[in-house]
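The basis for the numbers below is simple: all heavy atoms, side chains too, and nothing from hydrogens, waters or symmetry mates. In listed order, ligands and their atoms are each counted from 1.
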Amino acid sequence: MKSEWGALILAAGKGTRMKSATAKVMQPILCEPMLFYPLRTLSECEGVSIGVVVGYGKQEVSDYLTKEWPQVTIIEQKEQKGTGDAVKAGFHFWKDYKYMLVLPGDVPLISSESIKQLMRIHLQADSSLSFISFRIADPAGYGRVVRSDCGIRIVEEKDATEDQLAINEVNSGIYAFSTAALERYINELRCKNVQGEYYLTDLVELFQQDKERVEVLSMDGEDEFLGVNDPLQLAYATNLLRDLLVKRWMEKGVKCADPETAWIGPRVDFEGEAYLAPYVQIFGETSVGDRCSIGSFSILKDSKLESGVSVHPHVVIESSVVRQNAIVGPFAYLRDKTEIGPKSFAGKFVEIKHSKIGSGSKVPHLSYIGDATIGEDTNIGAGTITCNYDGKRKHPTKIGNRCFIGSDTMLVAPVELDDDATTGAGSVITQNVPMGALALARARQRNILGWKKRRENINNNDNGGRS
Ligand code: UD1
Ligand code: MG
């Protein structure tokens, strides 16, 4: 028994017009590869199994799919001979389904509502091939939908006559097929066209020649079906998606001081009300808790802010967690699984990497904390550095509760400071510090009395009394 619906995303092309060594479907839109968007749209269509045709840049694309979309079947198209050939390459995948959706990998704005409508129309009309067309003021680059007494055809721009070029109803590249019919005709495609490619679009004519039913779903909204082929369209699509996401979150109560400059990725989640100052960017798998505020020019990626967190301007937080009511910045960089405890503070010109800062502790100024665990209510003085790297390996630093680390302390790891330890300012700590102890590790100060006067006398004598 065949399953009902499968879907094939065509993602093997290089995307020559993008003028990039990176495969087109891996070009980033709001910090996600372009391919993310049709994948997410299809995953919102229940019960649809997804296959992706890869080719150009196949290693990079396959690595992304294996890591982020393990449920997807990867199909290889060895040579990029056109969209028809790409669908043919997927035969062993789609033959197991009754119906098959086909989407290009370069239509990032397509909604699941439109896909579901196409699926409904295809079944209702008992069609063999259904596709979405739309009208666009400037149809350049798209296949034109040519309607005549003989039926419907799609003519690619490069093969079109002057008259056909003026048509502004175009092919979205989104199709639903009955696989029995697709199997009968897919080998009939020929590459007699200007580009010498096997066009999937030629199936429209082939199907009708044999009285197979072809249905066109003409839809509004040229933005939704925007095909991204070049850098300008990439930027345009990015801005459209940005607008949509910002609007969606503002409707749910997020306050953006300047919506035009707020950048929010598609996997970001806001748990309640939040305030975003102008020029904030939030990407990846990031969640922002209730009553958080994020200052201008701050960038958050793959991180979690619990409720009531204040992020001041110019802060970068990557793959880290900031717990309730903590304060970060300005000018701080948190990265690599750092955890800032509740009500703690990571302040000005501070970098914290792969470290845990306990509840109520403070790293207020000019510090580097790497591979460290810091307990509760500990104060790290200005200029403190964990010297975690010996040139070959990284080593841990452990600092207990209620410690007071004097300014400009160098903590040469591996090293441990027990609870209530104190270090003198400017110390270079190379040995563990026991509980409650003061560690002083710096040269003792020597005062040389009358030194300046003596120095002046020596200088005067050197000049031989001349002034
Ligand atoms: C295609 C359609 C065009 C439609 C437009 C909508 C054809 C011949 N043309 O044109 O009618 O208006 O999309 O955006 O189908 N691909 C492969 N293997 C290949 C070639 C392409 O997987 O051998 C993939 C690409 O990676 C891309 C998709 O198919 O994701 C579409 O290819 P693209 O070159 O962008 O086609 P368009 O010229 O945009
Ligand atoms: Mg395209």
Side-chain angles (χ1 to χ4, degrees), residues 7-18 20 22-27 29 33-39 51-58 60-62 74-90 93 101-110 129 131-136 138-146 152-160 164-165 167-175 177 186 189-206 216 218-219 222-234 236-237:
L8 200 62
I9 300 179
L10 310 184
K14 178 178 184 209
T16 316
R17 287 163 279 180
M18 200 57 82
S20 166
T22 306
K24 180 165 72 174
V25 292
M26 294 306 286
Q27 296 290 341
I29 295 184
M34 197 190 305
L35 187 53
F36 164 89
Y37 295 90
L39 281 164
V52 178
V53 183
V54 304
Y56 183 83
K58 88 170 178 236
E60 196 191 354
V61 183
S62 306
I74 300 173
I75 298 143
E76 190 183 351
Q77 182 194 19
K78 290 226 157 62
E79 256 182 273
Q80 283 64 68
K81 293 188 284 191
T83 45
D85 183 67
V87 169
K88 196 166 143 183
F93 171 72
L101 292 161
V102 175
L103 272 75
D106 64 353
V107 284
L109 279 117
I110 174 79
L129 190 183
F131 70 95
I132 299 177
S133 78
F134 63 103
R135 289 193 181 279
I136 184 164
D138 175 10
Y142 293 95
R144 311 297 203 273
V145 177
V146 179
I152 294 163
R153 279 189 305 145
I154 299 173
V155 179
E156 290 308 302
E157 175 155 290
K158 289 191 175 141
D159 305 293
Q164 289 166 340
L165 285 175
I167 297 172
N168 63 3
E169 183 185 7
V170 296
N171 169 30
S172 69
I174 298 155
Y175 319 81
F177 286 97
I186 192 74
L189 287 176
R190 297 290 172 263
C191 51
K192 285 192 202 125
N193 50 56
V194 172
Q195 301 191 81
E197 287 186 358
Y198 294 90
Y199 291 162
L200 187 62
T201 44
D202 286 349
L203 287 178
V204 172
E205 200 176 354
L206 279 175
V216 187
S218 303
M219 296 189 79
E222 54 184 68
D223 285 345
E224 186 185 347
F225 305 109
L226 172 76
V228 175
N229 297 309
D230 60 35
L232 276 174
Q233 287 166 333
L234 184 69
Y236 185 66

Q: Can you list the steps and then say if F225 with V107 is a side-chain contact (heavy atoms from CB on, under 4.5 Å)?
A: CA-CA 6 Å; F225 305 109; V107 284; 5.6 Å; no
Q: Please find the pair of heavy atoms, one from S133 and one from V145, that lie closest to each other, and give the distance.
A: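 Residues S133 and V145, closest heavy atoms: CB-CG2, 4.0 Å.
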Q: I'd like to know if the side chain of Y199 and the backbone of I154 have a donor-acceptor N/O pair within less than 3.5 Å.
A: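 A pair under 3.5 Å: no.
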Q: Can you name the N, O or S atom of D106 that is closest to the Mg ion (ligand 2)?
A: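 Checking each N, O and S atom of D106, the shortest distance to the Mg ion (ligand 2) belongs to OD2.
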Q: Do E157 and R144 meet the salt-bridge criterion of a basic N to acidic O distance under 4.0 Å?
A: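 Between E157 and R144 there is a salt bridge, with a charged N closer than 4.0 Å to a carboxylate O.
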Q: I'd like to know if the side chain of N193 and the backbone of E197 have a donor-acceptor N/O pair within less than 3.5 Å.
A: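 Yes; judged by distance alone, with no hydrogens or angles, the pair exists.
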Q: Tabulate distances under 3.5 Å between N/O atoms of ligand 1 and N/O atoms of the protein, writing both atom names on each line.
A:
unit_1, atom_1, unit_2, atom_2, d
ligand 1, 9 (N), E156, OE1, 3.0
ligand 1, 9 (N), E156, OE2, 3.2
ligand 1, 11 (O), G143, N, 3.4
ligand 1, 11 (O), E156, OE1, 3.4
ligand 1, 11 (O), E156, OE2, 2.7
ligand 1, 11 (O), N171, ND2, 2.9
ligand 1, 12 (O), G143, N, 2.9
ligand 1, 12 (O), N171, O, 2.6
ligand 1, 15 (O), T83, OG1, 2.7
ligand 1, 18 (N), Q77, OE1, 2.7
ligand 1, 22 (O), A12, N, 2.9
ligand 1, 23 (O), Q77, OE1, 3.3
ligand 1, 23 (O), Q77, NE2, 3.1
ligand 1, 23 (O), K81, N, 3.3
ligand 1, 23 (O), G82, N, 2.8
ligand 1, 23 (O), G82, O, 3.2
ligand 1, 26 (O), G13, N, 2.9
ligand 1, 30 (O), L10, O, 2.8
ligand 1, 30 (O), G105, N, 3.1
ligand 1, 35 (O), K24, NZ, 3.1
ligand 1, 35 (O), D106, OD2, 2.9
ligand 1, 35 (O), N229, OD1, 3.2
ligand 1, 38 (O), R17, NH2, 3.0

Q: Checking Q233 side chain against D230 main chain: does a donor-acceptor pair fall under 3.5 Å?
A: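 Yes, the answer is positive, given that a donor and an acceptor are paired below the 3.5 Å cut-off.
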